[in-house]
Amino acid sequence: MPATKLAREFYARATLTVARELIGMHLVHQNSHGRQVGRIVETEAYQGPKDLAAHSSRGRTERTEVMFGPGGFSYVYLIYGMWDCMNVVTATVDVPQAVLIRALEPISGITRTTHGPGLLCRALGIDRRMSGVDLTGQVLWIERPGDYRPPRLARATRIGVDYAGAWAAKPWRFFDQDSPYVSTVSAARRRQALAKALNSAPPHSPGPLPPAPLP
DNA sequence: GGCACGATTGCT
DNA sequence: GCAATCGTGCCT
């Protein structure tokens with residue numbers, strides 16, 4: 001079964017549904033350097049404007065404008081002056097909601113770590129110049145892989161939103177509970193899981209290098 | 001024009 | 001535990 005690029009209709013739905021169903025899909029960046037592909041293993045839903053953790057809760061600005069448009073576009077912003085983070089806009093016009101892509105499992109063309117929202121953007125060369133890109137186009141998109149299997153899902157509270165009062169308690173983070181690439185998994189556990197996945201030697205002897213070297 | 005702060009990461 | 005580092009939003 002061939003991979004299928006997700007269409008506008010996929011994104012134009014309830015944000016929690018999109019956040020959940022994105023787990024296991026492949027994020028693809030196509031440019032002059034070739035094609036980079038990662039499997040989405042962790043997401044967070046941001047349900048503005050009521051959700052005080054969502055950027056769109058503080059009104060419509062030049063930066064957040066794309067979230068007020070139709071679903072299926074990218075929203076990329078800079079955090080802490082250093083890191084770009086990529087979201088997919090969900091729902092419909094005037095419903096400013098989005099899903100943050102928090103972690104990827106490297107599939108192909110990826111040479112840096114992807115177990116965090118800033119890291120995955122660095123690894124795939126995504127920055128805020130790519131905010132507003134149509135995800136049904138030819139540069140940046142998400143597809144259902146030919147070998148897609150529904151992952152075992154877990155959910156938890158979102159990371160880094162303690163300031164958002166009651167909204168911080170919402171279990172709006174979704175992740176593949178079997179993936180060692182989820183952002184909150186420790187580096188040690190990630191290495192351990194990788195070694196096991198690669199069917200390699202016991203913990204204290206050197207095994208083959210993982211596809212994406214870890215720090 | 002100034003200023004406080006953050007949907008993070010990496011090193012101690 | 002905490003520094004790095006700067007755009008954004010909001011104030012004057």
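Letters A, B, ... are given to chains in the order of the sequence lines, protein chains preceding strands, and every chain is numbered from 1.
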Report, one pair per line, the protein and nucleotides 9-12 of chain C atoms (nitrogen or oxygen only) whose separation is under 3.5 Å.
unit_1 : atom_1 : unit_2 : atom_2 : d
dG9(C) : OP1    : T61(A) : OG1    : 2.6
dG9(C) : OP1    : R63(A) : NE     : 3.2
dG9(C) : OP2    : T61(A) : OG1    : 3.3

> Do the ring planes of H55(A) and Y75(A) sit parallel (below 30°), tilted (30 to 60°) or perpendicular (above 60°)?
Replying inline: perpendicular
> With sequence neighbours excluded, what pairs up with R20(A) under the side-chain hydrogen bond (donor to acceptor under 3.5 Å, both in side chains) test?
Replying inline: none
>> Suppose we screen for side-chain hydrogen bond (donor to acceptor under 3.5 Å, both in side chains). Which residues come up paired with Y11(A), at least two apart in sequence or across chains?
In response: none
> Touch check for L100(A), heavy atoms < 4.0 angstrom, all strands: base, sugar-phosphate only, or nothing?
Replying inline: base
> For I79(A) and dG10(B), what is the distance between atoms CD1 and P respectively, to the nearest whole Å?
Replying inline: 15 Å
Under 3.5 Å, which protein N or O atoms sit close to an N or O of nucleotides 2-5 of chain C? Give each pair with its distance.
unit_1 : atom_1 : unit_2 : atom_2 : d
dT5(C) : O2     : Y80(A) : O      : 2.8

> Among all residues two or more places apart in sequence or in another chain, which pass the side-chain hydrogen bond (donor to acceptor under 3.5 Å, both in side chains) test with T64(A)?
Replying inline: T61(A)
> Between the side chain of S74(A) and the main-chain N/O of V133(A), is any donor-acceptor distance below 3.5 Å?
Replying inline: yes
>> If the condition is side-chain hydrogen bond (donor to acceptor under 3.5 Å, both in side chains), which residues does R58(A) pass it with, not counting sequence neighbours?
In response: none
> Under the ring pair (Phe, Tyr, Trp, His ring centres under 6.0 Å) test, which residues partner F10(A), sequence neighbours left out?
Replying inline: none
>> With no hydrogens and no angle check, just 3.5 Å: does a side-chain donor-acceptor pair link S179(A) and E105(A)?
In response: no
> Can K170(A) and D51(A) be said to form a salt bridge (charged side-chain N to carboxylate O under 4.0 Å, His left out), step by step?
Replying inline: CA-CA 10 Å; K170(A) 304 284 186 186; D51(A) 175 7; over 6 Å; no
> Roughly how far, to the nearest 0.5 Å, is the CG atom of L100(A) from the CZ atom of R173(A)?
Replying inline: 11.0 Å
> Taking only residues two or more places apart in sequence, or in another chain, which ones meet R152(A) in a salt bridge (charged side-chain N to carboxylate O under 4.0 Å, His left out)?
Replying inline: D178(A)
> Rounded to the nearest Å, what distance is computed from the CE atom of residue M67(A) to the P atom of nucleotide dT8(C)?
Replying inline: 13 Å
>> Rounding to an integer number of Å, can you tell me how far L78(A) CG sits from dT9(B) P?
In response: 12 Å
>> Does the structure place the NZ or CZ of R158(A) under 6.0 Å from the centre of the six-membered ring of Y46(A), at an angle of no more than 45° from the ring's axis?
In response: yes
> Contacts to DNA chain B from residues 40-53 of chain A, heavy-atom cutoff under 4.0 Å, which residues?
Replying inline: Y46(A), A53(A)
>> I need the I101(A) CD1 to C85(A) SG distance, nearest 0.5 Å.
In response: 11.0 Å
> Residues from residues 116-129 of chain A sitting under 4.0 Å of DNA chain B, heavy atoms only?
Replying inline: G116(A), P117(A), G118(A), L119(A), R122(A)
>> Would you say R173(A) places a side-chain N or O within less than 4.0 Å of OP1 or OP2 belonging to dA7(B)?
In response: no
Name the atoms and distances for all side-chain donor-acceptor pairs under 3.5 Å in residues 116-130 of chain A, with sequence neighbours left out.
unit_1  : atom_1 : unit_2  : atom_2 : d
D127(A) : OD1    : R129(A) : N      : 2.9
D127(A) : OD1    : R129(A) : NE     : 3.2
D127(A) : OD2    : R129(A) : NE     : 3.2
D127(A) : OD2    : R129(A) : NH2    : 2.6
R128(A) : NH1    : D84(A)  : OD1    : 3.4

> Between dG10(B) atom P and R190(A) atom CZ, what is the distance in whole Å?
Replying inline: 10 Å
> To the nearest 0.5 Å, what is the distance between CD (Q97(A)) and CG (N87(A))?
Replying inline: 12.0 Å
> Between CD1 of I23(A) and CZ of F175(A), what distance do you get to the nearest 0.5 Å?
Replying inline: 9.5 Å
>> What is the separation between atom CD on E65(A) and atom P on dT8(C), rounded to the nearest whole Å?
In response: 14 Å
> Can you list the stems that DNA chain C is part of, where a stem is at least 3 pairs in a row, each Watson-Crick or G-U, with both distances below 3.5 Å?
Replying inline: B:1-6 with C:6-11, B:8-11 with C:1-4
> Can you check the Y163(A) OH to dG6(B) P distance for me, whole Å?
Replying inline: 8 Å
> Can you check the R60(A) CZ to dT8(C) P distance for me, whole Å?
Replying inline: 17 Å
